[in-house]
Amino acid sequence: MVTLTIDGVEVTVERGASILEAAQKAGVRIPTLCHDKRLVPYGACRLCIVEVTSRGRTRTMPACFNPAREGMEVATHTPKLAESRRMQLMLLLRSHPLLCPSCDAGGNCRLQDLVHEYEVPELPFTRESRYYHVENESHFIRFNMNLCVRCGMCVRICDEVQGENELSFIKRGMECEVSTDFGRPLQCELCGQCAQICPVGAIASKWLVGTARAFEVNRVNTVCSFCSLGCVLTVAERKKKIVAVSSPADSHNEGNLCVKGRYGWPYAYSEQRLKKPLIRKDGSLQEVEWNEALSFVAEQLMAIKGSSGPGSLAALGSERLTNEEAYVFNRFARTVMETPHLDHAGGYGYRALVDGLGSALGFPASTNSITEIREADVILLLAADLTETHPVAKNEAIMATSRHKGELIVIDAVKTKLTGRRGTHLMCKPGTEHFVAFAMIKEIIDKELFDRKALDLRADGLDELVASLAPYDPDAVGALTGVDADTIRQAAEKFARASRAAILLTDGMNRPAQNVLLARAAANLAVITGQVGKESGGVFVFGEKANAQGAIDMGLAPDLLPGFRRLADEEGRARFEKAWGGPLPQEPGMNAAGILEAAEKGAVRGIYVVGENPLETYPNRGQVERALGSLQFLVAQDLFLTSTARLAHAVLPVASFMEKNGTVTSAERMIQRLKPVWKSVEHKSDLEIFTALAAMMGKPAMTYPGPERVMDEIASLVDVYKGVSYDRIGDRGIQWPCVDTDDPGKRRLYEGGFPAGKARLQPAPTFQASPNQGGPFYLTPSSLKFHSGSISQFSFSLLEVVAGAVAEMNRSDMKAVGLVDGDRVRITDSFGASIAVRAKGSRRAPAGVVIVPQHFSEAKLNTLTRWDDPAPRVRVEKV
Amino acid sequence: MEERDALLKKKVEPVVEAIPAEKLEQLDDILCRYEGKPGYLIPALKDAQELVGYLPQQVQGRVADMLGVTSSHVYGVVTFYSFFTITPRGRHTIRLCLGTACYVKGAKDILENITREVGITVGETSSDGRFTLEAVRCLGACGLAPVLLVGADTHGNIVPKDTVSILEGYQ
Ligand code: SF4
Ligand code: SF4
Ligand code: SF4
Ligand code: FES
Ligand code: FES
């Protein structure tokens, strides 16, 4: 630690901190034009110069990249400095067009602010004009290099944080500008980070052009509703259109957003949004008033309950419900519908957390906080293509491998952007990733690359694990997975010897039958090598959608109650029976797969689907279609007339994330508040619908005046949310466990040990190849960074970038099948089911693998996916 | 002056000219030495330019792929060094100063003479591959205005009608 004074304020900072950081800590503002805390200091603008007196000598130096030293006296705003800054600004203005009145950045421009602050009185120098044309061909982002002040922040963030390196400074001197090669339109992630970081209007969002000026918009801080990282958004709205989305620099995501968080919102005001409830009359869905629709739903549910018993009803929720809605839906299903059959995310999308981390460690949640990842020495990516699924978490891997010189171990069947970074890629056959991870565990145990005494103190189950690993003979593993024994050995050793090693995987609906096994392997690895409860270690399981964690916390599962209480747990059940005023089932109900199977057989007669589109997202489309088609009554609650809604008897249009209040819990257990950007009069929130239906179905006690009251009830019943309230969540969020009103929440789990005393190592699965045959190719369902679930299909912005499903194949396979880019292919599985899509050659796909994105209705990818098979075998033919 | 500004800001359109397949093969042979070595960008570009004569998009793309850097990065380096060129070049490069001093003292007439005699204007290369013409802002030799450079030779105080005889010396 070093102590120095800044403008007379004494401040102590860590060794290595810059003078600028020290000043920020001391509450002194130093002007900057090329500095951002996410970037390596650069020193281009020299506006941050300060006067430093140390050992009797006074010098001027830039504050942003000179370290603070013991005893320094720093002056930041002397007349001499002001004069010098004024001069620099005048020089900058020499070639900067003075078109502020027509510039979209007017009012939101650091140059403008500084010129104002330093009262630049005149422009004494001959002006030099620049002549760049305005590049307007890229999606979302417009370049006007005439405005550029060459701070380099766009080039640097694209390289240092995004890992894209899409932008470069080109040419020299006066002609220097920021561009891609030959000025081509952007072909990058389109994250818009360059536009947000640009201090002037040189790179800007096209949505702003001519629509609104900085002081004309209404700004609301809320949370991104696409993936589970929970990035904080500042939404700028004007006339019910979103004109710009940014993120506060002091957010947990440090102001970073991905393309969806920044440009994915037009679905909220899509023309296709349902405006009125629909009910099926004379065979077709017809618009009705809310009252009629709700009483129809209530009557029908009551009728089925009366005639076939409550067990003939089932409820399917979603990772897109807020915590409050998920909680109330749980109560509604179990005490109003009175059914034990409740599930979400296909019944498997979230089990990695529950049956993987939950069973092994205690809590069904990621162990550490996301920003710790960048400091890990080794990051194991277990079938996690973060660039496509969780782009902002991918940035952590980028920073870890560049700035922090860490290494990746990637176990994946396809090439990803991250497989090209520092480290090793264990390219295995699709669906065998978990075998590779268990083989690493075997190696670590066999070679004693861990501290056995310490392990015995913190975990049980080693003997069972060792016994289950017996069949994992290195050669057999090599043959089955395609990864040779030496490579696995080296990876195991590297992981075991790392002082800080984190494991990242993703959990979601495109990976049936494998989530849990991957998570168990991850938990074992982390426990055995002592990486749990430690900074920059641990296991992260990133859920697919915004409230993936909250849906588990609120117990949207056949075997869970809110707060991870098992139904079988007497005390837990009693607690909720008392609060909810009704008996609860003692036995778990059916999961999503079971519900559909029962529906097909007629044992389930009515299903209430909220926020999910099973017909398109659950595996085995044929079965889902038959199951839903044979129901006596299907209610779909959604924003759009999805393909599931088209089969329904009643469709209830709901408020979107842009229109409602509530909280969501991110993949790092961060509970944050959603705030409505505008009010919708046509739509009801899911919460309003549940309480209205409860009253109509004879349970008027289930009333909540608003989501805040629901959270109070959750806090009174769920241990890890005990200290949570809307006030405490505030603008910054709070990470559970938060056990009382003084608890600030926890960045890391298990620092003080495991809740059950010890962790429980999970046995390895039977070692065998998937029995499914059916063709020379593996089908790998994938995610695209430009889409999310199936909702992004309603955002014209995202569709403009990727409009539909294209199968990616290795060029050699394309040749063998006789295909050229753009040809249509038929992909057929062993059951004879098939889909037709266009194909293109891709470097991501190794030979023998076809990658098809999951988001698009018209591709019907789930025709080919199966509940029990992560990588179906298929044939590919030209059509 | 507007006319001058237009000449100075004129964008050189990249030539889209298919590189013969055997050239590309030779190129790959040369480049494979640098495979996966981003630190060798400059030597790789130098070798590529020696082989092909200039660095069109296609060539830059190959260099980027081979070394494992992005094509934007390659382009940034290519445009930074005047040694590299993205268009085919004549044997001699004429750099005509269109700075204020030179312009006032007749640079425009010199340009007209070049255009008439050699058949090219700013940014172009003559069809016989003899000359490439570039306009520059100020060569810092205003005392000698009007000034033009051919290759490394400086010609100052030019009387516009002598332009042709100056160029005669470069075949
Ligand atoms: S949008 Fe993102 S990836 Fe693309 S150039 Fe800008 S910062 Fe780079
Ligand atoms: S475009 Fe903007 S961010 Fe990039 S160098 Fe210019 S002023 Fe800086
Ligand atoms: S990374 Fe996830 S939470 Fe963050 S902006 Fe993108 S989709 Fe939204
Ligand atoms: S902020 Fe320090 S030099 Fe620009
Ligand atoms: S204007 Fe031509 S040399 Fe200066």
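Given the structure is predicted, the values throughout are model-derived calculations rather than measurements. Per chain, numbering begins at 1; letters A, B, ... match sequence-line order.
By the ring-ring contact (aromatic ring centres under 6.0 Å, His included) test, B:Phe80 pairs with no residue at all, sequence neighbours left out.
The 12-atom threshold is not exceeded at NZ of B:Lys46, counting heavy atoms of other residues, nucleotides or ligands nearer than 6.0 Å. In A:Arg422, the CZ atom is crowded: over 12 heavy atoms of neighbouring residues, nucleotides or ligands sit closer than 6.0 Å. Summarising the local packing, CZ of A:Phe125 is surrounded by more than 12 heavy atoms from other residues, nucleotides or ligands at distances under 6.0 Å. Counting heavy atoms of neighbouring residues, nucleotides and ligands inside a 6.0 Å radius, atom NZ of A:Lys206 exceeds 12 of them. B:Tyr40 OH: 12 or fewer foreign heavy atoms inside a 6.0 Å radius.
Contact annotation for residues 63-70 of chain B against chain A (heavy-atom separation below 4.5 Å, listed by residue number): B:Asp65, B:Thr70.
In this structure, B:Tyr75 OH and A:Ser179 OG are separated by 6.0 Å, a value rounded to the nearest 0.5 Å. Atom-to-atom distance recorded for A:Gln187:CD and B:Ser72:OG is 8.5 Å, nearest 0.5 angstrom. Rounding to the nearest 0.5 Å gives a distance of 8.5 Å between CG of A:Asp159 and NE2 of B:His73.
What you find for A:Lys171 and B:Thr79 is that their closest heavy atoms are N-OG1, 2.9 Å. A:Phe182 approaches B:Leu55 most closely through the heavy-atom pair CZ-O, 4.1 Å.
Within the structure, the salt bridge (charged side-chain N to carboxylate O under 4.0 Å, His left out) test picks out no pair touching residues 156-165 of chain B (sequence neighbours left out). Residue pairs meeting the ring-ring contact (aromatic ring centres under 6.0 Å, His included) criterion with at least one partner in residues 147-171 of chain A, sequence neighbours excluded, do not occur; the list is empty.
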